[in-house]
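See below for the structure under consideration.
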Amino acid sequence: MPASNVLLLGPPGSGKGTQGVRVARRLGVEHIATGDLLRAEVTAGTALGQQATWFMRAGDLVPDELITQLVMPCVVAAAAAGGYVLDGFPRTVAQARTARELAEQVGASPHAVVHLDVPPEQATSRMLARRRAQGRVDDTAETIAHRIEVFERVTRPLVEYYRGRGLLHVVGADRPVDEVTEAIMRVLSG
Ligand code: B4P
């Protein structure tokens, strides 16, 4: 039986969203993308969206409490319904600790964490291409550089955190989309 509660971890532009959709479909579970949830709140003009928008535009992480209150109910519901592929959360060790406490209480803990490993230059060129195609406000050269710096400083420590919990799998994401999907499915089935 492959893992059915899966976290995707990786720098901006590593393919979390791209792979999240594909892997969730293959596993028959829900895909939860924190960036998409936040952008939906911004578009709907909710109080949470109004607070998040400035952080996102600047390429900064939104505060831990905001993202946790947005994401965790979705995670708990998806786990109860059969599983989830969660991309973009947690992004800080504090988020991971809070999520762990909540998830353990309700049987929603991750079975596997996949780190999508990609060099910064490749991630940057993918996001610049996305900017040309989709016009995402946080995909400018300056903001991308900042987002990558934030990943290295604040999010990368999660790689060791999850390795220490025996959940981590590293997948090279510097190759075509189909190949990355197959590599993820292999580690989840192993
Ligand atoms: P996200 O929406 O998660 O943005 P992202 O990191 O760029 O990942 P995304 O999933 O969109 O891109 P992907 O790598 O798939 O977050 C946006 C913002 O929300 C953050 O900056 C932050 O402000 C906030 N936020 C989100 N979660 C948070 C949290 N937990 N705590 C606090 N704040 C949070 O793909 C990038 C591009 O590469 C795509 O165009 C894709 O087509 C292409 N691509 C992917 N795989 C490829 C491959 N193998 N080959 C070629 N191209 C590929």
Atom pairs and distances, side-chain donor-acceptor, residues 50-58, under 3.5 Å, sequence neighbours left out:
{"unit_1": "Q50", "atom_1": "NE2", "unit_2": "G45", "atom_2": "O", "d": "3.0"}

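- Residues L70 and T34 are not in side-chain contact: their nearest non-hydrogen atoms beyond the backbone lie 4.5 Å or more apart.
- The shortest distance between side-chain heavy atoms of Q19 and V177 falls below 4.5 Å.
- In this structure, CZ on R100 lies 12.5 Å from CD on Q105, to the nearest 0.5 angstrom.
- Side chain of K16 to backbone of P11: a donor-acceptor contact under 3.5 angstrom is found.
- Both V75 and L48 sit in one connected hydrophobic cluster of ILVMFWY residues. Membership requires side-chain heavy atoms under 4.5 Å apart, directly or through other members.
- Remark: E179 pairs with no residue by the side-chain hydrogen bond (donor to acceptor under 3.5 Å, both in side chains) rule, at least two apart or across chains.
- Side-chain contact between D64 and T98: absent, with no pair of heavy atoms (C-beta onward) separated by less than 4.5 Å.
- A heavy-atom distance below 4.5 Å is not found between the side chains of V6 and H111.
- Within the 4.5 Å cutoff, side-chain heavy atoms of C74 are placed close to those of I32.
- Sorted by first then second residue, the salt bridge (charged side-chain N to carboxylate O under 4.0 Å, His left out) pairs that include residues 33-54, not counting sequence neighbours, are D36-R39.
- Shown here are the side-chain hydrogen bond (donor to acceptor under 3.5 Å, both in side chains) partners of R22, two or more places apart in sequence or in another chain: D178, T181.
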Without placing hydrogens or testing angles, list every side-chain donor-acceptor pair under 3.5 Å for residues 159-167, not counting sequence neighbours.
{"unit_1": "E160", "atom_1": "OE1", "unit_2": "R163", "atom_2": "NE", "d": "3.2"}
{"unit_1": "E160", "atom_1": "OE2", "unit_2": "R163", "atom_2": "NE", "d": "3.2"}
{"unit_1": "E160", "atom_1": "OE2", "unit_2": "R163", "atom_2": "NH2", "d": "3.2"}
{"unit_1": "Y161", "atom_1": "OH", "unit_2": "R165", "atom_2": "NH1", "d": "3.4"}

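- L8 is not connected to V93 by any chain of hydrophobic side-chain contacts under 4.5 Å among Ile, Leu, Val, Met, Phe, Trp and Tyr, and they are in different clusters.
- T92 has its side chain within reach of Q95: a pair of non-hydrogen atoms, C-beta onward, lies under 4.5 Å apart.
- Checking side-chain atoms of S14 against main-chain N and O of V118 turns up no donor-acceptor pair under 3.5 Å.
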With a cut-off of 3.5 Å and sequence neighbours excluded, list every side-chain donor-acceptor pair involving residues 82-89.
{"unit_1": "Y84", "atom_1": "OH", "unit_2": "A108", "atom_2": "O", "d": "2.7"}
{"unit_1": "D87", "atom_1": "OD2", "unit_2": "H31", "atom_2": "NE2", "d": "2.7"}

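- At distances below 3.5 Å, not a single donor-acceptor pair connects side-chain atoms of H169 with backbone N or O atoms of V114.
- Within 6.0 Å of atom CD in E104, more than 12 heavy atoms from other residues, nucleotides or ligands are found, so the atom counts as buried in its surroundings.
- At least one side-chain heavy atom of I184 sits under 4.5 Å from a side-chain heavy atom of L116.
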Stepwise side chain to side chain contact (heavy atoms under 4.5 Å, CB included) check, D139 with R132
CA-CA 9 Å; D139 280 343; R132 289 191 289 276; over 6 Å; no
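- Among residues at least two apart or in separate chains, salt bridge (charged side-chain N to carboxylate O under 4.0 Å, His left out) pairs with a member in residues 26-35 are R26-E182.
- In this structure, the salt bridge (Lys or Arg N to Asp or Glu O under 4.0 Å) partners of D138, at least two apart in sequence or on a different chain, are R136, R147.
- Separating the OG1 atom in T140 from the NE2 atom in H146 is a distance of 11.0 Å, to the nearest 0.5 Å.
- The hydrophobic cluster around I144 extends to M127, L128, I148, counting ILVMFWY residues whose side-chain heavy atoms fall within less than 4.5 Å of a member.
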Give the C-alpha distance, both sets of side-chain angles, the deciding distance and a yes or no for side chain to side chain contact (heavy atoms under 4.5 Å, CB included) between T143 and V137.
CA-CA 9 Å; T143 309; V137 290; over 6 Å; no
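- Each of L9 and L61 belongs to its own hydrophobic cluster when Ile, Leu, Val, Met, Phe, Trp and Tyr are linked at side-chain heavy-atom distances under 4.5 angstrom.
- Under the 4.5 Å side-chain contact rule for hydrophobic residues, L168 and V154 do not share a cluster.
- Put simply, the side chain of L102 does not reach to within 4.5 Å of the side chain of V106, judged on heavy atoms.
- Qualifying side-chain hydrogen bond (donor to acceptor under 3.5 Å, both in side chains) partners for E101, counting only residues two or more places apart in sequence or in other chains: none.
- The two residues P90 and L158 have their closest heavy-atom pair at O-CD1, 3.3 Å.
- Considering only residues two or more places apart in sequence or on other chains, R25 meets the salt bridge (Lys or Arg N to Asp or Glu O under 4.0 Å) condition with none of them.
- By the criterion of side-chain heavy atoms lying less than 4.5 angstrom apart, applied directly or through intervening Ile, Leu, Val, Met, Phe, Trp or Tyr residues, I67 is not grouped with F151; the two fall into different hydrophobic clusters.
- Scored by the side-chain hydrogen bond (donor to acceptor under 3.5 Å, both in side chains) test, D117 finds no partners at all (sequence neighbours excluded).
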